[in-house]
Amino acid sequence: PPHEPHVRTLVAHPSEPDTLYAGVEVGGVLRTRDGGETWEELNEGIYIDVHTLAVSRAVPERMYACTGTGFYRSTDGGQRWVRSMEGLARRYTVGLTVMPGDTDIVVAAAGTGPPGVNGEVFVSRDSGATWQPAGDGLPAPMTRVPALAAAECRLYAGLDTGALYRSEDAGRTWQRLGDVGAPILTITPVMA
């Protein structure tokens, strides 16, 4: 049976407290400007199987989305989306994070198909316009796409094997930190 639409990501606008964006798997991108009372679709140009959304903290008009057919970006607050796959060798994009200190650096986890099998991490240093495979230290391919997070000047990748990795150079090299003993599905950095 086909999937029922469900929210996979809820993202707050960095400077407008009543504005939220929802990434809906089998539904696209929704926005509220009144704290959730009403919602509008922002689906022009995007494939509506949205897995993850991100909004640049420094430039909120820049938005990013991982979908079942690839990576999309918007430069106008989600009004229009453009598919951006140059250098992104896998089309089933799932995980996504933006470097807080350098919002031109976007990191995506992609696989060859649902639910993110044969995962690999890709880094963009130009706001998602072009991509390169992540640097040394991460296994590739992985059985599934890793969970991703960025905090300050560090990137984190958590694997379904329980292994946790960190990069301190924007994804150029990765160091294994250890194993938590269970699959890592989400990493959420604490923001002050």
Side-chain angles (χ1 to χ4, degrees), residues 1-14 16-57 60-74 76-85 88 90-98 106-122 124 128 141-151 156-162 164 180 182-191:
H3 289 293
E4 291 291 322
H6 57 279
V7 174
R8 286 198 45 160
T9 307
L10 192 61
V11 179
H13 189 284
E16 297 174 12
D18 288 334
T19 300
L20 299 168
Y21 301 93
V24 182
E25 187 166 26
V26 194
V29 179
L30 302 175
R31 175 179 62 196
T32 180
R33 291 182 171 169
D34 56 16
E37 291 292 318
T38 60
W39 294 85
E40 63 182 313
E41 289 184 358
L42 299 175
N43 290 336
E44 185 179 322
I46 196 168
Y47 182 67
I48 63 167
D49 181 17
V50 177
H51 299 142
T52 315
L53 283 177
V55 177
S56 168
R57 292 175 72 190
E61 296 78 28
R62 285 190 206 160
M63 294 182 64
Y64 309 103
C66 284
T67 77
T69 63
F71 179 82
Y72 289 79
R73 60 192 180 110
S74 173
D76 59 8
Q79 293 299 122
R80 287 174 299 283
W81 295 90
V82 175
R83 190 167 185 251
S84 186
M85 296 293 293
L88 196 58
R90 288 168 164 64
R91 70 165 187 81
Y92 196 84
T93 56
V94 181
L96 174 64
T97 193
V98 179
V106 182
V107 182
T112 56
V117 295
N118 299 315
E120 192 170 351
V121 175
F122 296 87
S124 172
M142 299 169 220
T143 53
R144 299 212 30 200
V145 296
L148 298 172
Y156 294 91
L159 280 56
D160 65 338
T161 63
L164 179 64
V180 299
I184 300 171
L185 303 179
T186 305
I187 304 172
T188 305
V190 176
M191 300 292 183

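Just so you know, residue 1 is the first one in the sequence shown, and it goes up from there. Worth saying up front: this structure is predicted, and the values here are computed from it rather than measured.
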- Non-hydrogen side-chain atoms of His51 and Tyr92 separated by less than 4.5 Å: yes

- Short side-chain donor-acceptor distance under 3.5 Å, Asp18 and Thr32: no

- So, do Met63 and Val55 sit near enough that their side-chain heavy atoms are less than 4.5 Å apart? yes

- From Arg144 atom CZ to Leu159 atom CG, the distance as rounded to the nearest 0.5 Å: 11.0 Å

- Query: Taking the side chain as C-beta and beyond, is there a heavy-atom pair between Leu96 and Leu53 under 4.5 Å?
  - Reply: no

- Message: With a 4.5 Å cut-off on side-chain heavy atoms, are Thr69 and Asp49 touching?
- Response: no

- Item | Atom of Cys66, atom of Ala108 and distance for their closest heavy-atom approach | SG-CB, 4.3 Å

- Task: Please report the shortest heavy-atom distance between Ser84 and Arg73, naming the atom on each side.
- Result: OG-NE, 3.5 Å

- Message: Tyr21: which residues meet the ring pair (Phe, Tyr, Trp, His ring centres under 6.0 Å) condition with it, sequence neighbours left out?
- Response: none

- Message: Give me the atom names and distance for the closest heavy-atom approach of Ala110 to Val145.
- Response: C-CG1, 3.4 Å

- Closest contact, heavy atoms only, Gly158 versus Leu164: CA-CD1, 4.3 Å

- Task: Let me see the working for Val121 and Met142 under side-chain contact (heavy atoms from CB on, under 4.5 Å), right down to the final yes or no.
- Result: CA-CA 9 Å; Val121 175; Met142 299 169 220; 3.9 Å; yes

- Query: Rounded to the nearest 0.5 Å, how far does CG of Leu20 lie from CG of Asp34?
  - Reply: 9.5 Å

- Is there a side-chain contact between Val50 and Glu25 (heavy atoms, below 4.5 Å)? no

- Item | Heavy-atom side-chain contact between Gln79 and Leu42 under 4.5 Å | yes

- Note on the structure: One should read off an interatomic distance between Thr97 OG1 and Ile187 CD1, to the nearest 0.5 angstrom, of 9.0 Å

- Output all residues satisfying side chain to side chain donor-acceptor pair (under 3.5 Å) with Thr186, sequence neighbours left out; order by chain, then residue number. none

- Spatial distance of atom CD1 (Ile184) from atom CG (Leu148) [nearest 0.5 Å]: 11.0 Å

- Message: If I take atom OH from residue Tyr72 and atom OH from residue Tyr47, how far apart are they, to the nearest 0.5 angstrom?
- Response: 8.5 Å

- May I ask you to test the Val82-Ser74 pair for a side-chain heavy-atom distance under 4.5 Å? no

- Kindly compute the distance separating NE2 (His13) from CZ (Arg57), expressed to the nearest 0.5 Å. 12.5 Å

- Do Val106 and Phe122 come within less than 4.5 Å of each other through their side chains, counting heavy atoms only? no

